[in-house]
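Accompanying notes for the structure given below.
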Amino acid sequence: MSEATGLVALVTGGNKGIGFEIVRGLARAGATVLLGARNAEAGEAAAGKLRGEGLDVQFLPIDVTDAASIAVAARQIENGPGRLDILVNNAAISPEHGVPPSAADVNLLRATYETNVFGLVAVTQAMLPLLRAAPKGRIVNMSTGLASLKLTSGRDAPFSFSRLLAYNSSKTAVNAVTVQFANELLDSAVKVNAANPGLCATELSDGKGRPPSEGAAVAIGLALIGEDGPTGGLFGDQGQVPW
Ligand SMILES: NC(=O)c1ccc[n+]([C@@H]2O[C@H](COP(=O)([O-])OP(=O)(O)OC[C@H]3O[C@@H](n4cnc5c(N)ncnc54)[C@H](OP(=O)(O)O)[C@@H]3O)[C@@H](O)[C@H]2O)c1
């Protein structure tokens, strides 16, 4: 029996990039994985590919900016397995193109927060009863080193070069949201952590970085942490990342 045998997981934005590799990794570990995607054709194709590898993966339609779609997805899980052991809030966008904050488009800022922050909160709220119904629910929020105020502040900071006001600040909000949910759930069996996958070669990063499967491993590790594991932290493959 593998580590995740019998567990039910949902990964939002699972049709490509790091999300797809998280779905694959959790399914390889033995979980039944619901591959969340907003585009039915892309979702079916991705799930079909993984089923072709012998993995237990089903497409679940979910657009994280659409309340009705989130509600339908939650109902489907409720009427199906009736619980959720793992939620990976992976779906995100980064529509800016390296402009300084003084020239950033406020509409892009709004759209980015709509997906990366408000969408994540809405999905988490909708799925929480199902996570509470699991013996040890796990929530993993995909963050980034670019969300870290310490790693981005000042001339000498490693990521001070990054001109992504909307994306970086939305992910700093994701870190704060992670802490808030973790605090609320301290007396429950549900653990909530944020994952920094590092720079991975996907559409979001313009193909720069390491293989997405390597970034996915960070999130998979947090999705499968034991009862003695942390909650309310941000972790990369070198351990805890400073806020
Ligand atoms: N790549 C990196 O270097 C890197 C580094 C640090 C953190 N991350 C984080 O890792 C996660 C995955 O990023 P990635 O690089 O794999 O990005 P990606 O290849 O662009 O994939 C993003 C996924 O999110 C989905 N998505 C976007 N908006 C959505 C919505 N409203 N509803 C549902 N799904 C939606 C996309 O669906 P469509 O295919 O329909 O657009 C796609 O499946 C993100 O949270 C990102 O911030 C990435």
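Whatever order the structure lists ligands and atoms in, that order sets their numbers, starting from 1.
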Requested in this report: Measure the shortest side-chain to side-chain distance between P135 and D85 over non-hydrogen atoms and say whether it is less than 4.5 angstrom.
Outcome: yes
Query - Heavy-atom check, side chain of L130 versus side chain of L10, under 4.5 Å - result: no
Remaining members of hydrophobic cluster (4.5 Å side-chain criterion), [X]:
X	result
L199	none
V241	L146, L151, F159, F161, L164, Y167, V179, L204, L234, W243
L186	none

Report task. Can you tell me which residues line ligand 1 if we count any heavy atom under 4.0 angstrom from one of its atoms, in chain and number order? Result -> G13, N15, K16, G17, I18, R38, I62, D63, V64, T65, N90, A91, A92, I93, T115, M142, S143, T144, Y167, K171, P197, G198, L199, C200, T202, E203, L204, S205
Report summary line: Value for CG (N168) from OG (S94), rounded to nearest 0.5 Å, stands at 7.5 Å
